[in-house]
Amino acid sequence: METLIINIPDKKSTLVKQILKGLGVTIQPVGKTSLSDYKQKLANVSIWTEDDLKVFEESKNAFENLKPQQW
């Protein structure tokens with residue numbers, strides 16, 4: 001199955017939908033996100049402290065200090 005997004009003029013929307021449904025096309029309604037839903041999603045974003053980021057910096061420094069073995 002293929003997904004297709006098309007922009008239809010408001011005056012022709014009903015007609016185009018009828019034709020597409022007649023051809024067996026499934027039309028998915030566009031989910032509109034409300035402002036409260038958007039705020040809730042933003043509230044769930046994690047915040048990293050400087051201590052959380054130190055682990056990455058230490059790992060980076062440890063990796064850069066590795067020296068290849070001589071054979």
Side-chain angles (χ1 to χ4, degrees):
M1 179 148 318
E2 185 175 344
T3 300
L4 178 66
I5 298 172
I6 58 174
N7 294 319
I8 306 168
D10 291 335
K11 293 180 181 179
K12 303 290 183 178
S13 178
T14 305
L15 175 63
V16 172
K17 286 180 183 179
Q18 287 174 349
I19 293 169
L20 291 173
K21 284 181 182 178
L23 294 171
V25 174
T26 303
I27 299 175
Q28 296 177 344
V30 177
K32 302 229 180 198
T33 306
S34 68
L35 186 57
S36 62
D37 291 341
Y38 185 69
K39 286 181 181 180
Q40 182 63 35
K41 286 181 183 178
L42 285 176
N44 292 330
V45 174
S46 64
I47 299 172
W48 292 30
T49 65
E50 289 295 324
D51 291 336
D52 296 332
L53 298 175
K54 280 182 187 177
V55 174
F56 294 107
E57 190 63 33
E58 291 169 358
S59 299
K60 176 184 157 195
N61 293 337
F63 186 73
E64 289 175 351
N65 291 333
L66 287 176
K67 304 228 186 289
Q69 287 185 338
Q70 296 292 329
W71 291 78

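Along the sequence shown, the residues carry numbers beginning at 1.
Contact annotation: the side chain of D37 never approaches that of Q40 to less than 4.5 Å [non-hydrogen atoms, C-beta and beyond]. In this structure, L15 and L20 have side chains that are not in contact, with every pair of non-hydrogen atoms separated by 4.5 Å or more.
Residues passing the side-chain hydrogen bond (donor to acceptor under 3.5 Å, both in side chains) test with S36, sequence neighbours excluded: S34. Residues that satisfy the side-chain contact (heavy atoms from CB on, under 4.5 Å) test with E50, not counting sequence neighbours, are absent from this structure. Applying the ring-ring contact (aromatic ring centres under 6.0 Å, His included) criterion to F56, with sequence neighbours excluded, gives W48.
Atom OG in S59 sits 11.0 Å away from atom CD in E64 (nearest 0.5 Å). One distance of note links CD of E58 with CG of L53; it measures 11.0 Å at 0.5 Å rounding. The CD1 atom of I19 sits 9.5 Å away from the NZ atom of K12 when rounded to the nearest 0.5 Å. Here the straight-line distance linking atom CG of N65 with atom NZ of K60 works out to 11.0 Å at 0.5 Å rounding. The structure places CD1 of I47 at 10.0 Å from OG1 of T49, a figure rounded to the nearest 0.5 Å. In this structure, the separation between OG on S13 and CD1 on I27 is 8.0 Å, given to the nearest 0.5 Å.
Remark: D10 CG is loosely packed, at most 12 non-hydrogen atoms of other residues, nucleotides or ligands lying under 6.0 Å away. By the 6.0 Å contact criterion, CD1 on I6 is enclosed, its count of non-hydrogen atoms from other residues, nucleotides or ligands being greater than 12.
Follow the hydrophobic side-chain contacts under 4.5 Å out from L4 and you reach I8 in the same cluster.
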